[in-house]
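Data block below; observations after.
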Amino acid sequence: MFKKEKIKDLHYTVNGTITANELQTAADEILVEYGKKAKMPGFRPGHIPLSILRQKYNASAISEAIDKLMNRDLNEYIADKKLRLAGSPKADLANWEIGKDAEYTLDFDILPTLPEVDLEKFTVTKKTTKLDEAEVEKSLENVRKSRSIAEKQDTDYKAENGDTAVIDFKGFIGNEAFEGGAAEKHHLILGSGSFIPGFEEQVIGHKTGDEFDVNVKFPENYHAENLAGKDARFAVKVHEVRKHKLPELNDELAKAVGHESVEKLREHIRNILKEQYEEAAKREMRNELLDLLADKVKLELPEVLVEQELNMAKQEHDNAHAHCDGDCGNDHKWDEKKERKEAERRVKLGLILAEWGTQNKVEVTRDDLQQAVWAEAARYPDPKQVFDFYNKNQNALAMLRGMIFERKALDAMLTHVKTK
């Protein structure tokens, strides 16, 4: 057991001693285990004398032994006092030398005990809305558009908003062509907003065979810094114009998208929209509850966790602004005071949700994880890449599990609060 301890809030400093004899005994046990597999000229594995093993490997065995014995002492201490570590302890062996007693110091933070949270005293707002049938009709129109047929038009037809223009284009800043600014036979849906502002509008009104210039200005916040805010000229050639012919809204179309009739399709869309509204309302309820928990629950925070969270935020900030070279304005400067406050909030909420969730037996099932991975994969053109990423990155999977756990804990909490 430790001979001295100093406690300040959640931070502990303890001092212990491991005698030289105890340390060497532990090191010898490690050497014997190592000797069972070690290969050394003149000896069979498992028959290397301890004295020979000491000559060659004693220093590394001592190092492993001291870690093992310090962890033993620490585990006994926290078990006896019913403490929970908030992170790995920092060890200081001062001026210890092999052959002498090892006097050491361990510094560590512990997790706080969550006070009782009376959720019935909390009230959150549950937003409701009446389903607008215009939204249903808009969705039905999108179904028609998804099944539209783009018909090639005659050469005298002038492109209109909503048509697809098959074009070649090449971009210039001044007289210099810029990288990534050219393509051949690109299918551009006019009015889609997929090109920079002003481009699509200048293609409208042109016919097959037309060659012309489009003059635009790149947005100030454009992702390519060398183009942001600059005037550009695009040489454009129209190969063909296609007009989208929408199918009739009838039972045949409904069957093509997996429903018996138009009415059944309408019912399906209504249900999806209702689920989206309910999920949006629940998201706002979760956020409101998080604000209440952050404000109302008093909890000491382990400094080690706050520092970890702050360091991660600083790294993300630096990575995001690595291109600035000090020229991104004051809005992009690191605000230590503000960021520390945000880090403290995240740590506090993480501890509350983890503790409350554990106490109330919240679990993340295999199905929960699979559904989350499937939902993530559905957002990418190649879902297999997402599955491979999580299969190969256990840390990423653990983070996903943590996010699901916190969401489920919040949803469980919402069943206890009052709503208005």
- Would a distance-only check, ignoring hydrogens and angles, find a side-chain to backbone donor-acceptor pair under 3.5 Å from Lys245 to Ser148? no

- To the nearest 0.5 Å, how far apart are CD in Glu160 and CD1 in Ile204? 9.0 Å

- Please round to the nearest 0.5 Å and tell me the distance separating atom NZ of Lys341 and atom CD of Glu336. 14.5 Å

- Task: Would you check if Val14 and Thr105 make a side-chain contact, meaning some heavy-atom pair closer than 4.5 Å?
- Result: no

- Item | Contact summary for Phe405 and Ala354, nearest pair of heavy atoms | CE2-CA, 3.8 Å

- Pair Phe178 + Phe172: ring centers closer than 6.0 Å: no

- Query: Do the charged groups of Lys348 and Glu309 touch, with an N to O distance under 4.0 Å?
  - Reply: no

- Task: Tell me, with the steps shown, if Glu288 and Lys126 meet salt bridge (Lys or Arg N to Asp or Glu O under 4.0 Å).
- Result: CA-CA 10 Å; Glu288 191 175 350; Lys126 183 176 182 179; over 6 Å; no

- Task: State, to 0.1 Å, how close Tyr57 and Leu31 come at their nearest heavy-atom pair, and which atoms those are.
- Result: CB-CD2, 3.7 Å

- Message: When you compare the side chain of Tyr104 with that of Trp96, does any pair of heavy atoms fall below 4.5 Å?
- Response: no

- Message: Working note: Glu307 + Arg340, criterion salt bridge (Lys or Arg N to Asp or Glu O under 4.0 Å); need CA distance, chi angles, decisive distance, verdict.
- Response: CA-CA 8 Å; Glu307 286 297 325; Arg340 177 172 286 276; 2.6 Å; yes

- Query: Is the centre of the Phe218 ring less than 6.0 Å from the centre of the His223 ring?
  - Reply: no

- Might you work through the salt bridge (Lys or Arg N to Asp or Glu O under 4.0 Å) test for Lys337 and Glu339, ending with a clear yes or no? CA-CA 6 Å; Lys337 187 175 180 181; Glu339 295 294 340; over 6 Å; no

- Out of curiosity, Glu201 CD to Asn161 CG, how far, rounded to the nearest 0.5 Å? 8.0 Å

- Query: Can you tell if the side chain of Glu344 reaches within under 4.5 Å of the side chain of Leu310, non-hydrogen atoms only?
  - Reply: no

- Any side-chain donor near an acceptor of the partner, Asp107 and His11, under 3.5 Å: yes

- Query: Do Lys274 and Leu131 come close enough that some side-chain heavy atom pair is under 4.5 Å?
  - Reply: yes

- Task: Would you sort out whether Leu400 and Leu369 count as a side chain to side chain contact (heavy atoms under 4.5 Å, CB included), showing the intermediate values?
- Result: CA-CA 8 Å; Leu400 182 63; Leu369 267 177; 4.1 Å; yes

- Asn360 side chain to Val362 main-chain N or O, any donor-acceptor pair under 3.5 Å? no

- Asp368 and Thr365 side chains, donor-acceptor separation under 3.5 Å: yes

- Does atom CD of Glu176 have more than 12 heavy-atom neighbours, drawn from other residues, nucleotides or ligands, at distances under 6.0 Å? no

- Any Lys/Arg nitrogen of Lys408 or Glu406 sitting under 4.0 Å from an Asp/Glu carboxylate oxygen of the other? no

- Message: Other residues, nucleotides and ligands only: do more than 12 of their heavy atoms fall within 6.0 Å of CD on Glu133?
- Response: yes

- Message: Does Met403, at its CE atom, have more than 12 non-hydrogen atoms belonging to other residues, nucleotides or ligands within less than 6.0 Å?
- Response: no

- Asp28 bridged to Arg54 by N-O distance under 4.0 Å: yes

- Query: What distance do Phe169 atom CZ and Asp213 atom CG have between them, rounded to the nearest 0.5 Å?
  - Reply: 14.0 Å

- Query: Does atom CD of Glu363 have more than 12 heavy-atom neighbours from other groups under 6.0 Å away?
  - Reply: no

- Looking at Lys237 and Asp210, does any basic side-chain N land under 4.0 Å from a carboxylate oxygen? no

- With a 4.5 Å heavy-atom cut-off, do Phe108 and Leu74 have their side chains touching? yes

- Closest approach of Ala256 to Arg147 (non-hydrogen atoms, all atoms of both residues): O-NH2, 3.3 Å

- Under-4.0 Å salt bridge between Lys68 and Glu22: no

- Message: Between Glu200 (side chain only) and Gly191 (backbone N and O only), is there a donor and an acceptor less than 3.5 Å apart?
- Response: yes

- Query: Looking only at atom types and distance, does a side-chain atom of Asn393 sit under 3.5 Å from a main-chain N or O of Ala396, one as donor and one as acceptor?
  - Reply: no

- Message: Using every non-hydrogen atom in the two residues, find where Met70 and Ala91 come nearest and quote the distance to one decimal.
- Response: CE-CB, 4.0 Å

- Interatomic spacing from CD1 in Ile66 to CD1 in Ile62 - rounded to 0.5 Å: 8.0 Å

- Query: Is Asp163 reaching over with its side chain to a backbone N or O of Ala159, donor-acceptor style, under 3.5 angstrom?
  - Reply: no

- Between Val203 and Phe212, the two heavy atoms sitting closest are CA-CZ, 4.2 Å

- Message: For a 4.5 angstrom cut-off between non-hydrogen side-chain atoms, does Thr125 reach Met285?
- Response: no

- Message: One pair to check against salt bridge (Lys or Arg N to Asp or Glu O under 4.0 Å): Arg286 and Glu279. What are the steps and the verdict?
- Response: CA-CA 10 Å; Arg286 289 184 192 123; Glu279 180 55 32; 3.1 Å; yes

- Item | CD on Glu76 to CG on Asp80, rounded to 0.5 Å | 9.0 Å

- Query: Is the number of heavy atoms from other residues, nucleotides or ligands under 6.0 Å of Gln24 CD greater than 12?
  - Reply: yes

- Message: Looking at Glu135, I want to see if its CD is surrounded by more than 12 non-hydrogen atoms of other residues, nucleotides or ligands under 6.0 Å.
- Response: yes

- Polar side chain donor-acceptor pair, Asn215 to Gln202, under 3.5 angstrom: no

- Task: Check Glu275, Glu137, Glu263 against Arg270 for a salt bridge (Lys or Arg N to Asp or Glu O under 4.0 Å) and give me the one that passes.
- Result: Glu263

- Query: Taking NZ, NE, NH1 and NH2 as the nitrogens, is one of them in Asp388 or Lys392 under 4.0 Å from a carboxylate oxygen of the other?
  - Reply: no

- Is the closest side-chain donor-acceptor distance between Asp168 and His239 under 3.5 Å? yes

- Do you see a donor-acceptor pair shorter than 3.5 Å between the side chains of Thr19 and Asp101? no

- Salt bridge flag under 4.0 Å for residues Glu141 and Lys138: no

- Message: Can you give me the closest heavy-atom contact between Asp109 and Glu303, atom names plus distance?
- Response: OD2-N, 3.1 Å

- Task: Would you indicate whether the side-chain heavy atoms of Ser194 and Ile189 approach each other to under 4.5 Å?
- Result: no

- Query: Where the side chain of Asp295 meets the backbone of Asp291, is there a donor-acceptor pair that is under 3.5 Å apart?
  - Reply: no

- Query: Got Lys314 and Trp334 here, is their nearest side-chain heavy-atom distance under 4.5 Å?
  - Reply: yes

- Query: Between Lys243 and Glu151, does at least one N-O distance fall below 4.0 Å, as a salt bridge requires?
  - Reply: no

